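This report concerns only the one structure given below.
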Protein chains: 2
Amino acid sequence: MSHRLGTQLSFAIYGVAGRVARMHKPFLDPLGLTFPQYLVMLELYAGTPRYVGDLGTSLGMDTGTITPLLKRLEVSGMITRMRDPKDERCVLINLTPAAEAIKDEVWSIAGRIKSACKIDEAGMIALRDTLNDFARPAVE
Amino acid sequence: MSHRLGTQLSFAIYGVAGRVARMHKPFLDPLGLTFPQYLVMLELYAGTPRYVGDLGTSLGMDTGTITPLLKRLEVSGMITRMRDPKDERCVLINLTPAAEAIKDEVWSIAGRIKSACKIDEAGMIALRDTLNDFARPAVE
DNA sequence: TAATTATAAGTAGCGCGCAATCAAGAAGGT
DNA sequence: ACCTTCTTGATTGCGCGCTACTTATAATTA
């Protein structure tokens, strides 16, 4: 039977995620960012301040993943972390001037990657939508 | 302008990879396997013995990833690791009876996952092929 | 008000993923 | 036989991702 197809799709998804992250590396290394950190920065460029939990939800990252990641971004001078005076449980994330300084370069990475993917605009849109719908509501 | 689309696609790929792995977890936990270990087992079920390097190449896993992974599979009794007498540099991987015993159940996971993904056969084939072509030749 | 419950982050431990480095065996040439 | 050179894995270190647990603050309820 076709267990085959299911496993092939799992392989394909596993494989493409690694390739995409690796493809970003040469562009991110000079900025001192990892791929997940890059995704966090994109979220922050879209609007600050943001709560830690809000960021985690948007990116699908667990608290055990995003908290140390944010602490590293703080150490590297990209963000500040501050308790919300209104609710001392929450931590507000803001961008530093150093982060704003590389904003355009960070945004430009996507365009430079796109060229290397040999996929047209319509294909990208279709793929994005397919992936965003895929495996969405199930066990989780 | 449309850095947007590129970043959205990166997000989508990052997100779907995590969701797919998480979707497998409830099925893999009872077997004591992680998702990457599951992929390795599928490769091994397709034919043994296999060299470590061969497995790594097939799965796109680095030696620093697959060597400890295989040692854990050995500890959990799924595989054996043996130097090839013909070439002492190479390590041959074989399945144990314990691994053969769960072979059918491991294979069946893909089918059970497929039901939860609300995507038809044609969609799966198209998606698999699109992903396998995507980001393939570029930096790597 | 006091006690309970809920929520937001942080922390520890394990496994994956990658880069860089190392050691051992094999293959080739001299 | 000897000496390079290449190949195969192993190792180390760091960051991500998850689970489970803990702490601190808020909200709720008795």
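Excluded from the calculations below are hydrogen atoms, water molecules and symmetry mates; all remaining heavy atoms, backbone and side chain alike, are included. Residue numbers begin at 1 in each chain, while the letters A, B, ... track the order of the sequences. Everything quoted here is computed from the prediction, not taken from an experiment.
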Could you tell me whether the phosphate oxygens of C:dA9, OP1 or OP2, come under 4.0 Å of any side-chain nitrogen or oxygen in A:Tyr51?
-> no
Most 5' of A:Lys86 and A:Asp62 on DNA chain D, judged by nearest nucleotide | A:Asp62
Provide, to the nearest angstrom, the distance between the CG atom belonging to A:Asp87 and the P atom belonging to C:dT7.
-> 12 Å
Are A:Lys86 and A:Asp84 within salt-bridge range, i.e. N to O under 4.0 Å?
-> no
Going by an N to O cut-off under 4.0 Å, is there a salt bridge joining A:Arg81 and A:Glu74?
-> yes
Can you check whether A:Leu55 reaches A:Leu44 side chain to side chain, under 4.5 Å on heavy atoms?
-> yes
Between B:Glu74 (CD) and D:dG9 (P), how many Å, whole number?
-> 15 Å
How do A:Pro36 and B:Asp54 order along DNA chain D: which one's closest nucleotide is nearer the 5' end?
-> B:Asp54
Output yes when A:Arg50 and A:Asp54 qualify as a salt bridge under the 4.0 Å nitrogen-oxygen rule, no when they do not.
-> yes
DNA chain C: B:Asp84 or A:Val52, which has the more 5' nearest nucleotide?
-> A:Val52
When all nucleic acid strands are considered with a 4.0 Å heavy-atom cut-off, which category describes A:Thr34: base, sugar-phosphate, or nothing?
-> sugar-phosphate
Checking all strands, does B:Leu69 fall into the base, sugar-phosphate, or nothing category for heavy-atom contacts under 4.0 angstrom?
-> sugar-phosphate
What is the distance from CD of A:Glu88 to P of C:dA8, rounded to the nearest Å?
-> 15 Å
Can you tell me if the side-chain N/O atoms of B:Thr67 get under 4.0 Å from OP1 or OP2 in D:dA10?
-> yes
Would you kindly give the CD1-to-P distance between A:Ile93 and C:dA8, to the nearest whole Å?
-> 15 Å
Rounded to whole angstroms, how far apart are CZ on B:Phe35 and P on D:dG17?
-> 15 Å
Hphob cluster co-occupancy, A:Leu92 + A:Met41, side-chain heavy atoms under 4.5 angstrom = no
Starting at atom CG of A:Leu31, determine the distance to atom P of D:dG15, rounded to an integer number of angstrom.
-> 17 Å
Report yes if some heavy atom in the side chain of A:Phe11 is under 4.5 Å from a heavy atom in the side chain of B:Arg128; otherwise report no.
-> no
Go through C:dA26, C:dG10, D:dG17 for me and flag the one nearest to the B:Arg22 side chain.
-> D:dG17
Of the listed nucleotides C:dG10, D:dG9, D:dT25, the one nearest the side chain of A:Thr63 = C:dG10
Checking all strands, does B:Gly64 fall into the base, sugar-phosphate, or nothing category for heavy-atom contacts under 4.0 angstrom?
-> base
Does B:Arg81 make a side-chain N or O approach to OP1 or OP2 of D:dA10 shorter than 4.0 Å?
-> yes
A:Met61 has an atom CE; how far is it from atom C1' of C:dA9, in whole Å?
-> 16 Å
B:Arg89 side chain: which of D:dC6, C:dG10, C:dT7 is closest?
-> D:dC6
Tell me whether the OP1 or OP2 atom of D:dA10 has a side-chain N or O from B:Arg83 closer than 4.0 Å.
-> yes
Return the value, rounded to whole Å, for the distance between atom NZ of B:Lys71 and atom P of D:dT12.
-> 9 Å
